Amino acid sequence: MLLTRQIREEKERVIASLKTRNWPEEKLSILDDIISLDDQRRKLQTSNDENLSKVNSASKQIGMLMREGKKEEAEAAKSEIASLKDVIKAAEEEMRTVNKQLTDLLLEVPNIAHSSVPAGSTDEDNEVVQDWTKDMPSLPEGALPHWELATKHNLIDFELGVKITGAGFPLFRGKGAKLERALINFFLDEAAAAGYEEIIPPLLVNEQSAMATGQLPDKEGQMYHATKDDFYLIPTAEVPITNIYRDVIVKEEEFPVKLTGHTPCFRREAGSYGAHVKGLNRVHQFDKVEIVQITKPENSYSTLDEMVKHVAQILEKLELPYRILRLCGGDIGFVSALTYDFEVFSAAQQRWLEVSSVSNFEAYQSNRLKCRYKDSNGKTQLAHTLNGSALALARIIAAVLENNQTENGIKIPAVLVPYTKFETI
RNA sequence: GGAGAAUUGGCCGAGUGGCUUAAGGCGCUCGCUUGGAAAGCGGGUAUACCUCAAAAGGGUAUCGGGGGUUCGAAUCCCUCAUUCUCCGCCA
C-alpha cells in the first residue's frame, strides 16, 4: 500500500495515477479521507502518549514511596491515576477504530502508475512495445488446436482431470508430462544462468503472507482456501518467495536479491467458461517458473528491463512468436506501477496467449511486506520488489504443440530436445 | 495426536513484580594508542510511531504473537505460534 506521507506530499501524482486507472472522479475524496483520518490518528497518539507518560512517572513515584514506607501517599497517588486509566482505555479504543479505518482506506488505493502507463480501460488499449513475429509458423492443411493434438497423441487427459478433481485440472501423461517437465527444467536452468537462486517454497501460505504480497484482501476469491488450518493455496510462487523478505532489513551489499522457483499455481478463476477457456487456455492448476528481484529504488527500472529481456530471450530460444505489451491503466494490476505482458501466438487457434507478466511494484508491496534496507546515510528505506513469470506453463505447451505440428508429427524445439530426450511427438 | 521444557537485542546470555534506562560478553563501528597491525583503553551500535519547519532533543510502544491482572510486568495469568525431549502415528 501507499504511505500516508506519499498521499500527502505527492497528492497530484496520486490523483493523476488514479485517473489513468479510470478511478471514478467522485471517489477521489478517499485521499482527503485518508489525510483527515491520519490527522486524527496523530492527535490521538500525541495526547495518549502524554497520558501514558504521566502514568509511567506516577508509577515510579509510587514505587519509591512504597519502598520508603509512605503508604498513604502511595495510595493517594494511585487514586489520582485511576481516572487517567479510563481516559487511556477509551483513547486506545478510539485509536484502534481510526487505525482500522485508515488501513482499510489505504488498502483501497492502488499503486501509483508509472508515467509511461498508457491511458485506457480494457486489454484493447494495451500498447504493443515489441513484436517478434518474423517466424510466424505456416501450418499444414487440417492443423489442429492443442486440445485435439493433446488427445490425439495421448499427452493430456482433460476428462481424467475432471474425474479426479474437476474441470480445469488437466492430467499430463507420457510425452505430455515429459514435455512439461522439460520446459520447467529449461526455464530453471535459464534463470540459474541469469544469476537467480532456486527456491522450492511451501505451496500453502498463511493469511499474513497472502496479505503482504497483496493477494488479500482484494483477490480473496481467486485463491483456494484451506479453511480448517486457514491456509491459502498459492496462486503464484511470488507469494511464498517474496515473503522470504517480509519483516527483513536487507543489507545493502545483498542487493540485488534474485530468486526463482518452480511451483504449481492454483487459481479458482470463478465464473470462467466457454470457448476461451478451452484446453490449456485457462486452468485452475498450472506450473510456472517465477523470477523475483528486490532492489534499491534507483535500480528498479533497469531491473525491470533486465527481467523483460530475460523472458524475451527464452521465448526466442523456444522459437515462439511473441509480442510485448505495456499494460494500460485499466488492465494493470492493483499493486503494480508498470507491467509488461508477454503473449505467444498460438497458431492453430489464431490467438495470442498471455504467458508472462513482468511487473515493478516499486515500494507498494514492500510497504506491506516491511522489506527495507539502509541507504548510504544510514536511513531505513523501503526496497523495491519486482517479479515476472519466466515462464507460465500450460499455455506455452499449447503454443509449442500447435505451432510445431507437421504432417509427420509435432517437432520439439531444438533447445528442449536435451531435456525431453525425444525430437518429435 | 498426547506429556513435559523452552522462546530475551545482529549473536551468546543474566534477569521470579519497582534504582532495568534489559547486566555481562561476542560481533560490528568510530576514536585514542602505533612506523603499521594486534592487544589495550574509551565511545557508539534495534524497530515503529508521535512531537519539532528541519536537525538536535523529548515522548510512547515493543523481551515469540495476541489478550488479561496490577499504580507498575521480560517477570504473574489466559491463549496462539514455534523449537527441543519423550510417547503415538507415518512417507
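We name chains A, B, ... by the order of the sequence lines, and we start the count at 1 in each one. For the numbers below, each heavy atom of this structure counts, side chains included, while hydrogens, waters and symmetry mates do not. Computed from a predicted model, the values in this text were never measured in an experiment.
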Check side-chain hydrogen bond (donor to acceptor under 3.5 Å, both in side chains) between K27(A) and all other residues, then give those that pass, not counting sequence neighbours.
none

Footprint string (nucleotides 56-68 of chain B, 5' to 3'): B base within contact, S backbone only, - free, heavy atoms under 4.0 Å:
---BSS-------

OP1 or OP2 of C50(B) versus the side-chain N and O atoms of R41(A): is any pair under 4.0 Å?
yes

Using residues 326-333 of chain A as the side-chain source, report each donor-acceptor pair under 3.5 Å to any protein atom, sequence neighbours left out, with the distance given to one decimal.
from	atom 1	to	atom 2	distance (Å)
R326(A)	NH1	E127(A)	OE1	3.3
R326(A)	NH1	E127(A)	OE2	3.1
R326(A)	NH2	Y340(A)	OH	3.4
D331(A)	OD2	N126(A)	ND2	3.0

Assigned partner base of G24(B), Watson-Crick or wobble definition, under 3.5 Å
C12(B)

From I81(A) atom CD1 to D86(A) atom CG, the distance as rounded to the nearest 0.5 Å:
12.5 Å

When both distances are under 3.5 Å in a Watson-Crick or G-U wobble arrangement, the nucleotide paired with A61(B) is U47(B)

Expressed as a whole number of Å, how far does the C1' atom of G68(B) sit from that of C49(B)?
24 Å

Contacting residues from residues 197-208 of chain A, given that a heavy atom lies under 4.0 angstrom of RNA chain B:
none

Starting at atom CD1 of I249(A), determine the distance to atom P of G9(B), rounded to an integer number of angstrom.
14 Å

Only pairs with both distances under 3.5 Å count, Watson-Crick or wobble alike; so what is the partner of A53(B) in this structure?
none

So if I take every side-chain heavy atom of K374(A) and compare against C50(B), A46(B), A48(B), which nucleotide ends up nearest?
A46(B)

Check side-chain hydrogen bond (donor to acceptor under 3.5 Å, both in side chains) between T295(A) and all other residues, then give those that pass, not counting sequence neighbours.
none

Partner nucleotide of A81(B) by Watson-Crick or wobble geometry (both distances under 3.5 Å):
U7(B)

G1(B) pairs with which nucleotide, Watson-Crick or G-U wobble, both distances below 3.5 Å?
C87(B)

As a test of reading the structure: which of U21(B), G18(B), C50(B) is closest to the side chain of K60(A), going by heavy atoms?
U21(B)

As a test of reading the structure: which of C71(B), U51(B), A48(B) is closest to the side chain of R42(A), going by heavy atoms?
U51(B)

In whole angstrom, give the distance that lies between atom NZ of K251(A) and atom C1' of C11(B).
11 Å

Suppose we define a pair by two distances each less than 3.5 Å, Watson-Crick or G-U wobble; what does U34(B) pair with here?
none

Atom pair distance, as rounded to whole Å: CG in D38(A) and C1' in A48(B):
14 Å

In a table with atom names and distances, give each donor-acceptor pair under 3.5 Å that connects a side chain of residues 241-250 of chain A to protein atoms at least two apart or in another chain.
from	atom 1	to	atom 2	distance (Å)
T242(A)	OG1	E238(A)	O	2.6
N243(A)	OD1	R246(A)	NE	2.7
N243(A)	ND2	S209(A)	O	2.9
N243(A)	ND2	V239(A)	O	2.8
R246(A)	NH2	S209(A)	OG	2.8

Interatomic distance, L65(A) CG vs C71(B) C1' [rounded to whole Å]:
11 Å

Write down the distance between CZ (R372(A)) and P (A46(B)), rounded to a whole number of angstrom.
14 Å

Between G44(B) and G18(B), how far apart are the P atoms? Round to whole Å, please.
27 Å

Between K251(A) and E253(A), does any NZ, NE, NH1 or NH2 come within less than 4.0 Å of an OD or OE carboxylate oxygen?
no

Quote, to the nearest angstrom, the P distance that separates A61(B) from G42(B).
33 Å

